[in-house]
Amino acid sequence: MSESPEVRLSGTPASAGVAVGPAIVIDSQAVVVPDLEDPADAFSEASAAVSRQLEAMCETARAAGRAEAGDVLEAQALMAQDPMLADAVAAALGDGAGLGEALQQARQQIEELFAAIDDPYIAARAQDVVEVTERISRWLAGVDVPDLGQIAEPSVLVARALTAADTAALDPACVLGFVTEAGGPTSHVAIIARSLGVAAVVGAAGIVERTRAGDPVAIDGATGDVVIHPTEVTAEAFAARREAFEAAVAAAEQFRGMSVALGEHRVDVPANAGSRDDVERAVEAAADGIGLLRTEFLFLDRSDAPGEDEQFDFYSFAGASFSQPVVIRTFDIGGDKPAPYLGIAAEENPFLGVRGARLYREFPEVFETQVRAILRAAADTQICLMLPMVSTVTEIGDLRGWISEIAAELTARGIRHEMPPIGIMVEVPSVALVADAVAPHVDFFSIGTNDLTQYAMAADRTNTALDEFQDPLHPAVLALCERTVAAAKRHGISVSVCGLAAADPLGAAVFAAMGVDKLSVSPRTVNLVKSAIAATEASTAEEMVRTALAAATADEARSMIANPTRSP
Ligand code: PEP
Ligand code: MG
């Protein structure tokens, strides 16, 4: 397949599937702007070229229906030609700085200026300054910036890191898969890859350095294997893996639209979704409703928060797509999901900071707008409202009270609405530990094993150096899940799992055995999970849970789930 020697790397599996194709490399490392004879001239040529490039990208984005991305690109095209930038660069050059240094100083100056203005729209422009000056530097250094929305040939994307917005802009028809050096299996980039049905490997150290544009690359998103310049034998082996994966997906098709049970206990398999396309994919997979609608994706990759009517349309569309419940999670911004226009203060430890529901008091109008849209949509469809990242009963009481006030206001204004069932994500250990005290205050629990694992194991979910601590089937995490499920049963409320562990066949088996009512997974895995539940032996379910909880390590727990009657 290739003349160059084969290079094998290993990363973390992030989205199942096998891909072989030419690489597109995005190297986001800082570039070195060369010393030029006439730096002022070089700057005006570069800024004009970058502005034209951005205008062309803006037109393409608008033609493809990505209106918000188009607006951002248009603003950036204007900024590349803004006299404020030109003046700041000229002043720095006048002070004797080289062009690279001048661009750096201009960027800092404008960024600081924007950051000091208390307006979320202007704060978002600070991010645009960073992106525009970076683009100009790359143009001057002769380094291309590929436009991810415009990849023409089916390719494997190789990058140090991709933002959630980058990944959302990808056309799955042209991206066979992606490999990144950064990001963990539950990072939001990986979540989007799974929902797009694109194979992905993260944490592949050294991949960017070793790959050139156009090099053939083979990846297996289930094992984390990455091969650059695969030999003919390797390419054939990857083709065989792809066939096996596709055969398993095809075999699971027999469960489409069927309900499955473990013994007498029925387990629904709804889908996780973050966009209209995801909702359509979930309908296609005949999912049992939506178990987690990640609304924060509606808030990313744009210059201001979505309005009430835009949200109402989206939630009504999702609700009307199913006869089963659609669980809408209020925005979970923070952690690795930034929304620059909100102007959230930078924190030392964003995953332990003002994230999810903790943000609502800082942005009351954003929360109130969203809740109004959800309550209005609930008048006609089976919608449930779910709160992310809550950690105390007090917080839940406050948020419920606030939602009731919003409902009362709608009533006073004569606006049609309905109070939906209100549940919470159980993703902070404190909530799982006092689940019995929490249950009377909510209508349902949904266990978020991605965050629950990160917080129980004290391991940042995006840090690939901590992979050994990230297994959600570690007995410590399973104990928190079991405690939550038992409390839900005692209080007669429904309990789901919507983290990545629900899609792991062993995870699906053990959660079903614990008595979980729903496993919410990416649309593409709905039928695979149904087949995993159907293949689980009901007679040993109790033994499975007991022995897995008694295990000392994640590996031991996995082995007990696979063979519940064997002694550890
Ligand atoms: C989780 O934490 O398990 C979860 C489903 O939420 P998210 O991955 O969006 O944080
Ligand atoms: Mg979470």
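First listed ligand is number 1; within each ligand, the first listed atom is number 1. If you're wondering where the values come from, they're calculated on a predicted model, not measured in any experiment.
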Query raised in the report: What orientation do Phe367 and Trp402 show, parallel under 30°, tilted 30 to 60°, or perpendicular over 60°?
Result: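 Ring orientation, 0 to 90° scale: tilted.
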Query raised in the report: Does even one non-hydrogen atom of Met389 get within less than 4.0 Å of ligand 1?
Result: no
Requested in this report: Tell me, please: is Arg461 in heavy-atom contact with ligand 1, that is, under 4.0 Å?
Outcome: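 Arg461 counts as a contact of ligand 1 under the 4.0 Å cut-off.
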In terms of atom number and element, which parts of ligand 1 are under 4.0 angstrom from non-hydrogen atoms of [X]?
X: Glu427; value: 1 (C), 2 (O), 6 (O)
X: Arg355; value: 10 (O)
X: Cys498; value: 5 (C)
X: Gly499; value: 3 (O), 5 (C)

Query raised in the report: Quick one: does Asn450 get an N or O within less than 3.5 Å of an N or O on ligand 1?
Result: yes
Query - Sub-4.5 Å side-chain heavy-atom contact between Ile424 and Met386 - result: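 No. Closest side-chain heavy atoms not under 4.5 Å.
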Query raised in the report: Is the closest side-chain heavy-atom distance between Val526 and Asp288 below 4.5 Å?
Result: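 No, too far: nothing below the 4.5 Å cut-off.
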Query - Aromatic ring proximity Tyr455/Phe351, centre distance under 6.0 Å - result: no
Query raised in the report: Would the number of heavy atoms belonging to other residues, nucleotides or ligands and lying under 6.0 Å from CD of Glu347 be above 12?
Result: yes
Query raised in the report: In Asp451, what N, O or S atom is nearest to the Mg ion (ligand 2), if we give its atom name?
Result: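 In Asp451, the N, O or S atom with the shortest distance to the Mg ion (ligand 2) is OD2.
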Query raised in the report: Between Leu292 and ligand 1, which part of the residue brings a heavy atom under 4.0 Å of the ligand: side chain, backbone, both or neither?
Result: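 Only the side chain of Leu292 comes within reach of ligand 1.
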Requested in this report: Report yes or no: do Ser275 and Asp277 form a side-chain donor-acceptor pair below 3.5 Å?
Outcome: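 On atom types as modelled, these side chains do not qualify, holding no pair under 3.5 Å.
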Query raised in the report: Looking at the Mg ion (ligand 2), is one of the N, O or S atoms of Glu427 less than 2.8 Å from it?
Result: yes
Query raised in the report: Does the distance from a Lys or Arg side-chain N to an Asp or Glu carboxylate O, for Asp451 and Arg355, drop under 4.0 Å?
Result: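 The answer is yes: the pair qualifies as a salt bridge.
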